[in-house]
Engineer: 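Take a look at this one; I'll ask things after.
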Protein chains: 2
Amino acid sequence: MKRLNSKSGCAVEVTLSVMGGTWKPIVLFHLLHGTKRFSALARAIPNVTQRMLTLQLRELEEAGIVARTVYAEVPPRVDYALTELGRSLEPVLIAMRDWGMDYAQRQGLQEAGQGVQVSCAA
Amino acid sequence: MKRLNSKSGCAVEVTLSVMGGTWKPIVLFHLLHGTKRFSALARAIPNVTQRMLTLQLRELEEAGIVARTVYAEVPPRVDYALTELGRSLEPVLIAMRDWGMDYAQRQGLQEAGQGVQVSCAA
DNA sequence: CAGAATCCGAAAAGATACTG
DNA sequence: CAGTATCTTTTCGGATTCTG
């Protein structure tokens, strides 16, 4: 059992210790739509390197947030899915998505004609 | 006007570009309870250094999330408060707090007797 | 395909000392 | 009180190469 690395005991810190970082929320958000294999996640997140994606997924697995399933096939196939605990993060992820969409909308109005587009909203 | 540093246009990335990082969500959460001065924030977040607190507050100010008010007094006094845009982050912050409390509770049950305490829940 | 291993530069963050 | 300035340390993360 991993120790919570929250020194002040703040509830927000606890959450950040599990799903904080640049990539974890994005990975989790994509997994919200269902099980995905490694290559699918990599394609969905163009800016992540193979290395970082692997590292983040391992940490999420350790925290019990995602489940990793390896199929003994050739070519190899590995699936990632949210666990029940992982799915419990949905409200947080949805709140983040909603705010991001609203914010882009506001910015879009000010950067008239810049064509701000927020995809992967589903 | 600062550019959104979201390369893939994912709404979650937009949110992270504004309130991502180790300290910003915690700072914002504390400001949710009302205007606070610099020293009050520093006390509320024991693990942050003066330097990091300053840097994060400056970034939040630049993003239009917090408002900084300097009073021409001796000793100096500086207040930080959420702007309207900042307050719109409340659902995200509350979702994070709620999840953190639930998670600590689960962990607490498994680490029986460890005395997990999550404060600053208000 | 899904990674593991290694190397390396950049960036984040901490400690400490100083100031209007 | 509310910061700056500077320095050092640590971590992050990219590029590349290799493998079952």
Side-chain angles (χ1 to χ4, degrees), chain A residues 2-3 5-8 10 12-13 16-28 30-31 34-63 66-81, chain B residues 2-3 5-8 10 12-13 16-28 30-31 34-63 66-81:
Chain A
K2 201 179 151 196
R3 214 73 192 74
N5 70 1
S6 161
K7 312 251 174 78
S8 70
C10 176
V12 175
E13 285 184 52
L16 289 172
S17 74
V18 173
M19 55 97 73
T22 312
W23 304 112
K24 289 201 191 81
I26 302 174
V27 170
L28 292 174
H30 284 288
L31 288 179
T35 299
K36 287 209 160 38
R37 49 193 298 184
F38 186 84
S39 53
L41 282 172
R43 255 179 287 111
I45 314 171
N47 294 313
V48 79
T49 58
Q50 220 175 21
R51 175 185 138 87
M52 289 314 297
L53 186 54
T54 302
L55 289 174
Q56 302 303 307
L57 285 168
R58 287 292 181 283
E59 286 179 26
L60 289 170
E61 192 189 356
E62 242 188 294
V66 306
R68 179 169 176 262
T69 311
V70 183
Y71 296 90
E73 301 174 359
V74 175
R77 184 177 132 217
V78 180
D79 275 354
Y80 291 93
Chain B
K2 203 178 150 194
R3 216 69 193 79
N5 68 2
S6 162
K7 313 252 173 77
S8 70
C10 175
V12 174
E13 284 184 52
L16 289 172
S17 74
V18 173
M19 55 97 72
T22 310
W23 303 112
K24 289 202 191 80
I26 302 175
V27 170
L28 293 174
H30 284 289
L31 288 179
T35 299
K36 287 209 159 38
R37 48 195 299 184
F38 186 83
S39 53
L41 282 173
R43 256 179 287 109
I45 314 172
N47 295 312
V48 79
T49 58
Q50 223 174 20
R51 176 186 136 87
M52 288 315 295
L53 186 54
T54 302
L55 289 174
Q56 301 304 304
L57 284 168
R58 288 290 182 285
E59 287 179 26
L60 289 170
E61 192 189 357
E62 242 188 294
V66 306
R68 178 169 177 263
T69 311
V70 183
Y71 297 90
E73 301 174 357
V74 175
R77 184 175 132 218
V78 181
D79 275 353
Y80 291 92

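Keep in mind that this is a model prediction, so the values were computed, not measured. Letters A, B, ... are given to chains in the order of the sequence lines, protein chains preceding strands, and every chain is numbered from 1.
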Engineer: Measure CG/A/Leu53 against P/C/dC1 and give the value in whole Å, please.
Structural biologist: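 Result: 14 Å.
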
Engineer: I want to check one thing: is the phosphate of D/dG13, taken as OP1 and OP2, less than 4.0 Å away from some side-chain N or O of A/Thr22?
Structural biologist: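 It does, given that an N or O in the side chain of A/Thr22 lies less than 4.0 Å from OP1 or OP2 of D/dG13.
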
Engineer: Drop me the distance from B/Leu55's CG to B/Leu60's CG, to the nearest 0.5 angstrom.
Structural biologist: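 One finds 11.0 Å between CG of B/Leu55 and CG of B/Leu60.
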
Engineer: Check side chain to side chain contact (heavy atoms under 4.5 Å, CB included) between B/Lys36 and all other residues, then give those that pass, not counting sequence neighbours.
Structural biologist: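 Per chain and number, B/Lys36 pairs via side chain to side chain contact (heavy atoms under 4.5 Å, CB included) with B/Leu31, B/His33, B/Ala40, B/Leu41.
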
Engineer: If you define the side chain from C-beta out and look only at heavy atoms, does anything of A/Leu16 sit under 4.5 Å from B/Pro25?
Structural biologist: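 Yes; the side chains approach each other to less than 4.5 Å.
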
Engineer: Paired stems touching DNA chain C, three or more consecutive Watson-Crick or G-U pairs with both distances under 3.5 Å?
Structural biologist: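 Listed by first number, the stems are C:1-20 with D:1-20.
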
Engineer: Could you give the CD1-to-P distance, from A/Ile45 to D/dG13, as a whole number of Å?
Structural biologist: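 Between P of D/dG13 and CD1 of A/Ile45: 13 Å.
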
Engineer: How many angstroms lie between atom CD of B/Glu13 and atom CH2 of A/Trp23, to the nearest 0.5 angstrom?
Structural biologist: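 Here the interatomic distance stands at 6.5 Å.
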
Engineer: Which part of the nucleic acid, if any, lies within reach of B/Tyr71 when heavy atoms closer than 4.0 Å are counted: base, sugar-phosphate only, or nothing?
Structural biologist: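 Nothing, no nucleic acid heavy atom in range.
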
Engineer: What is the distance, to the nearest angstrom, from the CD atom on A/Gln56 to the P atom on C/dG3?
Structural biologist: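 My rounded result for the distance is 14 Å.
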
Engineer: Could you tell me whether A/Glu73 contacts a base, only the sugar-phosphate backbone, or nothing, with contacts defined as non-hydrogen atoms closer than 4.0 Å?
Structural biologist: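 Since no nucleic acid heavy atom lies under 4.0 Å of A/Glu73, the category is nothing.
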
Engineer: Where the side chain of B/Met52 is defined as all heavy atoms beyond and including C-beta, which of D/dC1, C/dC1, C/dG14 is the nearest nucleotide?
Structural biologist: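 Between D/dC1, C/dC1, C/dG14, the one nearest the side chain of B/Met52 would be C/dG14.
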
Engineer: Can you tell me which nucleotide in C/dA2, D/dG3, C/dG20 comes closest to the side chain of B/Arg58?
Structural biologist: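 When the side chain of B/Arg58 is considered, D/dG3 is the closest of C/dA2, D/dG3, C/dG20.
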
Engineer: Quickly work out the A/Glu59 CD to D/dC12 P distance and round it to whole Å.
Structural biologist: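 Value for this atom pair: 8 Å.
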
Engineer: Measure CG/A/Leu41 against C1'/C/dG3 and give the value in whole Å, please.
Structural biologist: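 My rounded result for the distance is 14 Å.
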
Engineer: Which part of the nucleic acid does A/Arg51 contact within heavy-atom distance under 4.0 Å: base, sugar-phosphate only, or nothing?
Structural biologist: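 A/Arg51: base contact, heavy atoms under 4.0 Å.
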
Engineer: Can you see if the side chain of A/Thr49 gets near the phosphate of D/dG14 - specifically, an N or O under 4.0 Å from OP1 or OP2?
Structural biologist: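 Yes, because at least one side-chain N or O of A/Thr49 sits under 4.0 Å from OP1 or OP2 of D/dG14.
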
Engineer: Is there side-chain contact between A/Val66 and A/Val27, with heavy atoms separated by less than 4.5 Å?
Structural biologist: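 No. Closest side-chain heavy atoms not under 4.5 Å.
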
Engineer: Write down the distance between CD (A/Gln50) and P (C/dC1), rounded to a whole number of angstrom.
Structural biologist: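 Going from CD in A/Gln50 over to P in C/dC1 covers 10 Å.
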
Engineer: Less than 4.0 angstrom between a side-chain N/O of A/Ser39 and OP1 or OP2 of C/dA2, yes or no?
Structural biologist: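 True: A/Ser39 side-chain N/O within range (under 4.0 Å) of C/dA2 OP1/OP2.
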
Engineer: Using 0.5 Å steps for rounding, measure from the CG atom of A/Asp79 to the OH atom of A/Tyr71.
Structural biologist: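 Those atoms lie 4.0 Å apart.
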
Engineer: By nearest atom, which of the nucleotides C/dA15, C/dA13, C/dA2 is closest to the A/Pro76 side chain?
Structural biologist: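 Looking only at side-chain atoms, A/Pro76 lies closest to C/dA2.
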
Engineer: Grab the CD-C1' distance between B/Glu61 and D/dG3 for me, whole Å please.
Structural biologist: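 One finds 13 Å between C1' of D/dG3 and CD of B/Glu61, rounded.
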
Engineer: Is there a side-chain contact between A/Tyr80 and A/Arg37 in this structure, where contact means two heavy atoms from C-beta onward sitting under 4.5 Å apart?
Structural biologist: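 A/Tyr80 vs A/Arg37: side chains apart.
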
Engineer: Would you mind reading off the distance between B/Phe38 atom CZ and D/dA2 atom C1', rounded to a whole angstrom?
Structural biologist: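 Going from B/Phe38 (CZ) to D/dA2 (C1'), I get 6 Å.
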
Engineer: If we only count heavy atoms from C-beta on, is the B/Phe38 to B/Leu53 side-chain gap below 4.5 Å?
Structural biologist: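 Contact flag for B/Phe38/B/Leu53 side chains = yes.
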
Engineer: Is the shortest side-chain N/O distance from A/Tyr80 to OP1 or OP2 of C/dG3 below 4.0 Å?
Structural biologist: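 Yes, within the criterion.
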
Engineer: Between D/dG3 and B/Arg68, is there an OP1 or OP2 to side-chain N/O distance shorter than 4.0 Å?
Structural biologist: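 True: B/Arg68 side-chain N/O within range (under 4.0 Å) of D/dG3 OP1/OP2.
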
